[in-house]
Amino acid sequence: MWYHKTTDGNEVLLAKFQDGRVIDRLSSRYMVEDGGRVLKIQNGSKNDNGVYKDEATLQGGGLVDDVLYLTVYDPVPIPDVIPQVKRIGDKCHVAVQCSVPSNRSDIYYTWKYRHADKEYQKLNDTGGTIRMTVPIDHLDMKFMCTAHNPADQKNATTHIKDCEDEVPNQSIIIKAVVPVVVVVILTVAIWKVFPSIYNKCRQDMPGNAAENVSLRSLEGINQL
């Protein structure tokens with residue numbers, strides 16, 4: 001006899017095998033084989049998770065039972081592999097991300113890679129992302145990610161042939177920005193000083209002379 005223990009602790013009889021045949025079963029999903037020693041469940045789902053008990057009555061008397069634990073896993077989807085490559089100086093920084101379309105806590109990852117036509121080597125990383133830094137001449141690499149659960153696995157590969165454009169050095173960025181900052185500061189300083197010069201000219205020169213100075217001054221500032 002085969003039982004399924006429910007979450008509330010009750011035992012539901014699934015199938016009974018006696019005298020070489022099945023004499024009772026809960027539904028046609030449950031099949032008994034090998035003289036009653038094997039229970040086969042058709043169209044299994046996660047609802048079938050749980051504890052199962054098989055119980056055998058010996059012909060000479062006595063009872064033997066055993067407990068089994070069943071976990072049903074969904075098939076593993078084909079993983080997505082996304083490489084990111086960046087060159088900094090004479091080094092190539094490589095990051096490869098592997099993920100499955102759904103957020104599944106029962107999935108884990110293993111990695112292999114190979115350079116050019118060499119054999120695949122196993123990496124110790126087991127997470128969804130791996131990172132490495134290699135010389136520029138060490139490219140032409142293939143990475144294989146395998147997504148696993150205890151019942152299934154799928155893999156996908158990506159091929160990295162070369163690096164992207166070189167990342168600008170930070171010191172170059174600073175040199176490019178400094179002249180722009182100096183010009184801005186100088187322009188602001190001139191415009192702050194100019195009103196005092198203009199007012200002094202109007203006080204020291206009469207009438208039209210002051211107007212002429214102010215116009216020439218404005219023209220000079222515009223030229224700057």
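- Met1 contributes atom CE, which lies 8.0 Å from atom NZ of Lys53 (distance to the nearest 0.5 angstrom).
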Yes or no on side-chain contact (heavy atoms from CB on, under 4.5 Å) for Trp111 and Cys98, after CA distance, side-chain angles and deciding distance?
-> CA-CA 9 Å; Trp111 292 88; Cys98 183; 3.4 Å; yes

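- Counting non-hydrogen atoms of other residues, nucleotides and ligands closer than 6.0 Å to NZ of Lys16 gives a total of 12 or fewer.
- Contact check for Val100 versus Tyr109: side-chain heavy atoms found under the 4.5 Å cut-off.
- In the hydrophobic clustering, where aliphatic and aromatic side chains (Ile, Leu, Val, Met, Phe, Trp, Tyr) are joined below 4.5 Å either directly or transitively, Val32 groups with Trp2, Val12, Leu14, Phe17, Val22, Leu26, Tyr30, Leu39, Ile41, Tyr52, Leu68, Leu70, Val72.
- In the displayed structure, Asn124 atom CG is contacted under 6.0 Å by at most 12 heavy atoms of other residues, nucleotides or ligands.
- Rounding to the nearest 0.5 Å places CD1 of Ile136 at 5.0 Å from CZ of Arg87.
- In this structure, OG1 on Thr57 lies 10.0 Å from CG on Asp65, to the nearest 0.5 angstrom.
- Within the 3.5 Å criterion, the main-chain N or O of Ala151 finds a donor-acceptor partner in the side chain of Asn149.
- A continuous path of ILVMFWY side-chain contacts below 4.5 Å connects Met141 to Leu123, so both sit in one hydrophobic cluster.
- In this structure, Val94 is a member of the same hydrophobic cluster as Tyr113, with clusters built from ILVMFWY side-chain heavy atoms closer than 4.5 Å.
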Derivation and outcome, side-chain contact (heavy atoms from CB on, under 4.5 Å), residues Lys40 and Glu33 = CA-CA 7 Å; Lys40 182 181 290 186; Glu33 299 178 350; 3.1 Å; yes

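- Listed here is the closest heavy atom pair of Val81 and Thr158: CG1-CG2, 3.6 Å.
- Residues passing the side-chain hydrogen bond (donor to acceptor under 3.5 Å, both in side chains) test with Ser45: none are found, sequence neighbours excluded.
- Although no hydrogens or angles enter the test, the distance criterion places a donor-acceptor pair under 3.5 Å between the side chain of Arg29 and the main chain of Gln42.
- No single ILVMFWY cluster, assembled from side-chain heavy atoms under 4.5 Å apart, contains both Val85 and Met144.
- Around the CG atom of Asp117, the shell of radius 6.0 Å holds no more than 12 heavy atoms that belong to other residues, nucleotides or ligands.
- The shortest distance between side-chain heavy atoms of Lys112 and Arg114 does not fall below 4.5 Å.
- A donor-acceptor pair under 3.5 Å is formed between the side chain of Lys154 and the backbone N or O of Val76.
- Using a 4.5 Å cut-off on side-chain heavy atoms (C-beta onward), Val96 and Met132 make no contact.
- For the side-chain hydrogen bond (donor to acceptor under 3.5 Å, both in side chains) with Thr110, the lone residue among His148, Lys122, Gln153 that qualifies is His148.
- Side-chain contact between Arg25 and Met31: present, with at least one pair of heavy atoms (C-beta onward) separated by less than 4.5 Å.
- Here the shortest heavy-atom pairing between His4 and Val51 reads CD2-O, 3.2 Å.
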Between Thr126 and Tyr108, is a side-chain contact (heavy atoms from CB on, under 4.5 Å) present by the stated rule, with each step listed?
-> CA-CA 7 Å; Thr126 57; Tyr108 63 97; 5.8 Å; no

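- Under 4.0 Å is where a charged nitrogen must lie from a carboxylate oxygen, and between Lys46 and Asp74 at least one such pair does.
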Full working for side-chain contact (heavy atoms from CB on, under 4.5 Å) between Tyr73 and Asp152 = CA-CA 8 Å; Tyr73 294 93; Asp152 191 21; over 6 Å; no

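- Between Thr157 and Lys142 the shortest side-chain heavy-atom distance does not fall below 4.5 Å.
- From Glu11, atom CD reaches atom CD of Glu55 across 7.5 Å, with rounding to the nearest 0.5 Å.
- Among all heavy-atom pairs drawn from Pro79 and Cys145, the shortest one is CG-O, 4.2 Å.
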